[in-house]
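Order of the sequence lines sets the chain letters (A, B, ...), proteins ahead of strands, with each chain counted from 1. Predicted model only: the values in this text are computed from it and were never measured.
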Amino acid sequence: MIRLDNLTKIYKTTEGPVTAADRISMEVPAGEICILLGPSGCGKTTTLKMINRIVQPTSGRVLIDGEDTAELDTQTLRHNIGYVIQQIGLFPNMTIEENISVVPRLMGWDKTKYRNRTRDLMDMIAMDPDAFLNCFPHELSGGQQQRIGVARALAADPPVMLMDEPFGAIDPINRAVIQDEFLKMQKELKKTILFVSHDIDEAIKMGNRIAIFRAGQLVQYSEPDELLAAPKNEFVESFLGDDRALKRLNLVKVRDVVNDTIGTVKPSDSLETAHKRIEEYGYQNAIIMVNEQYQPVGMVAASVAKNTKGYCSDHNSPMPAQVGLDDDLRKVVSLMFGHDITWAPCVDEKERLCGQITQRTITHHLSARHAMQTAKKPAEVI
Amino acid sequence: MIQFTLANFDTLMSRTVEHIALVSLAVGIATLTGVPIGIAITKSKRAAQIVLYVAAIIVTIPSIALFGIMMPILSIFGYGIGYVPAVIAVLLYSLLPIIRNTYTAINNVDPALREAARGIGMSPNERLRLVEIPLAIPVIMAGVRTAVVLNIGVMAIAAYIGAGGLGTFISRGISQSDPRQLIVGAVAVSLLAVVVDYALLALQKQLTPKGMAKIIQAG
């Protein structure tokens with residue numbers, strides 16, 4: 001856990017004092033990623049760098065697991081905080097192995113221990129130790145270098161990590177990949193992470209919490225969904241963008257909104273049965289046909305069921321799309337728009353039907369949460 | 001000419017060795033003092049300005065004049081002529097390229113690397129030893145090379161104050177109106193400068209951290 005208590009940085013300049021960070025107080029629970037977000041010059045980076053004293057705070061305290069870090073000497077403090085920067089900063093005179101093991105070596109680990117640790121870390125970041133450990137940084141691509149940068153920060157297994165726009169210099173495709181890998185690692189490692197970003201989409205994707213900064217002040221500190229649903233003021237609202245309701249789509253899983261009452265037919269059912277069931281459930285377009293494992297295999301159109309005689313097995317059409325329980329709504333909406341459909345069946349891990357999702361459910365969910373959040377008092381910045 | 005060279009081959013060799021020894025001694029001491037000075041002045045811009053200014057002024061003094069200044073001062077200690085004033089003069093000349101290159105190289109270490117080094121918890125000494133000096137070595141070595149090549153020429157003039165070395169051929173050639181000695185001495189000095197420059201370049205490549213060799217070639 002990291003707690004910032006009235007952390008302040010005032011720079012003395014020739015035009016008088018400039019407050020870069022103004023009494024920042026916030027708490028990041030253990031194992032969570034907190035994104036510091038805001039336009040440039042808003043104080044997010046200054047706040048981050050005060051934690052490992054790259055920037056010396058003017059006043060205020062930084063507590064890690066309840067302990068005031070002012071009592072630690074700077075080197076010890078930094079050995080226990082992983083640090084990843086946008087420019088990566090691998091040492092070009094050292095091999096990959098030397099780069100990763102630099103903190104353990106500074107801390108005086110014995111050779112076998114840090115060499116094993118280096119190999120473990122390479123496995124963790126999915127890079128072949130035998131192929132890369134003896135390379136030099138310039139022989140690697142930008143994405144690979146930043147993976148090593150992350151491994152170096154993790155080397156001494158610090159409980160806390162500070163990341164200053166770590167994926168900002170990587171091309172968009174690799175950035176998405178490395179973000180996903182990092183989230184996967186974080187699921188196991190459960191580090192307490194402060195992460196500076198200026199990219200709202202990255203913040204929503206990576207953060208358990210988001211802290212919005214403006215002009216040296218912490219404006220809002222909320223969970224992403226809450227932030228998007230209930231921005232505290234116009235600045236936050238404009239920073240999140242006009243499409244903030246759409247951004248929430250990323251955060252909501254099918255699981256959260258699925259409607260699990262669903263009528264189905266079997267291939268052996270007659271079209272009459274299908275028609276009856278369609279009426280019973282009030283479906284307008286079609287009904288889903290499932291096989292014996294309850295997997296959707298097709299659909300019977302309402303008009304066909306009404307006007308034709310025969311069995312469902314002979315009068316069905318293929319399902320245009322289906323969605324999984326763990327898909328986010330953004331993917332669902334994209335599928336719906338792509339296939340020109342207003343609903344889709346949902347399946348579980350074994351491809352068994354477990355409900356359906358409609359455009360109406362989605363819009364309703366987004367607006368209902370929105371109404372609920374605005375009615376409630378917006379989350380306080382602690 | 002060739003006859004003269006062959007006839008005096010032993011003398012030529014011993015003078016060359018003497019020449020190399022004198023320059024090495026002077027530049028060696030200059031390196032041992034100049035590199036730490038260059039590193040120290042990165043801590044203060046004001047100190048850097050003063051030190052670099054003084055070193056630059058020394059280089060503008062003509063070598064003959066510097067020997068002239070050196071002789072009365074050192075004769076107090078009984079070293080007015082001979083190799084001592086020559087070595088001290090060459091040492092002084094060497095300081096500028098060595099200090100300046102060290103200073104520039106350390107100052108030009110990528111700020112991102114410096115921040116990374118601080119951020120992961122290196123003390124200032126660890127930063128110097130593990131990052132800044134290794135990265136500065138190619139540029140420091142270039143300074144040493146400049147100093148050596150420059151001072152192989154300066155040392156030739158030191159023959160006039162009795163320092164020995166290849167300059168002896170030149171000074172005798174002039175005083176005895178013997179073009180053979182003069183040309184052999186001059187050619188030997190030039191050759192020596194070229195050969196030593198290449199040798200030091202090879203050493204520089206050897207000392208450059210492996211991971212940087214490619215970057216430097218590319219740059």
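Options A:Gly82, A:Gly89, A:Cys135, A:Ala153 differ in how many heavy-atom pairs under 4.5 Å they form with chain B, and the most are formed by A:Gly89. Residue with the most contacts toward chain B among A:Thr74, A:Ile81, A:Val103, A:Asn52: A:Val103 (heavy-atom pairs, distance under 4.5 Å). Of the listed residues B:Pro111, B:Ala112, B:Pro134, the one with more heavy-atom pairs under 4.5 angstrom with chain A than any other is B:Ala112.
Heavy atoms of A:Leu162 lying under 4.5 Å from chain B are absent altogether. Both the backbone and the side chain of B:Leu130 come within contact range of chain A, each with at least one heavy atom under 4.5 Å from a heavy atom of that chain. Interface residue A:Met94: only side-chain heavy atoms are found under 4.5 Å from chain B. Contact of A:Arg53 with chain B is made through the backbone alone, with heavy-atom distances under 4.5 Å. In this structure, the portions of A:Ile54 lying under 4.5 Å from any heavy atom of chain B include both its backbone and its side chain. Heavy-atom distances place no part of A:Val84 under 4.5 Å from chain B, backbone and side chain included.
Shown here is A:Leu140, whose CG atom has more than 12 heavy atoms of other residues, nucleotides or ligands within 6.0 Å. Within 6.0 Å of the CZ atom in B:Phe67, the count of heavy atoms belonging to other residues, nucleotides or ligands exceeds 12. Within 6.0 Å of CZ in A:Arg115 there are 12 or fewer heavy atoms belonging to other residues, nucleotides or ligands.
Atom NZ of B:Lys210 and atom NE2 of A:His138 lie 11.0 Å apart (nearest 0.5 Å). Atoms CD1 and CG, from B:Ile120 and A:Asn99 in turn, are 8.0 Å apart once rounded to the nearest 0.5 Å. Annotation: the span from A:Gln87 atom CD to B:Glu115 atom CD amounts to 6.5 Å, rounded to 0.5 Å. Taking CG from A:Asn93 and CG from B:Leu113, the interatomic distance works out to 8.5 Å, rounded to the nearest 0.5 Å.
Residues A:Arg152 and B:Ala116 come closest through the heavy atom pair NH2-CB, 3.7 Å. A:Pro92 approaches B:Leu135 most closely through the heavy-atom pair CG-CD2, 3.6 Å.
Residues A:Tyr83 and B:Arg118 form no side-chain contact, since every pair of their non-hydrogen atoms from C-beta on lies 4.5 Å or further apart.
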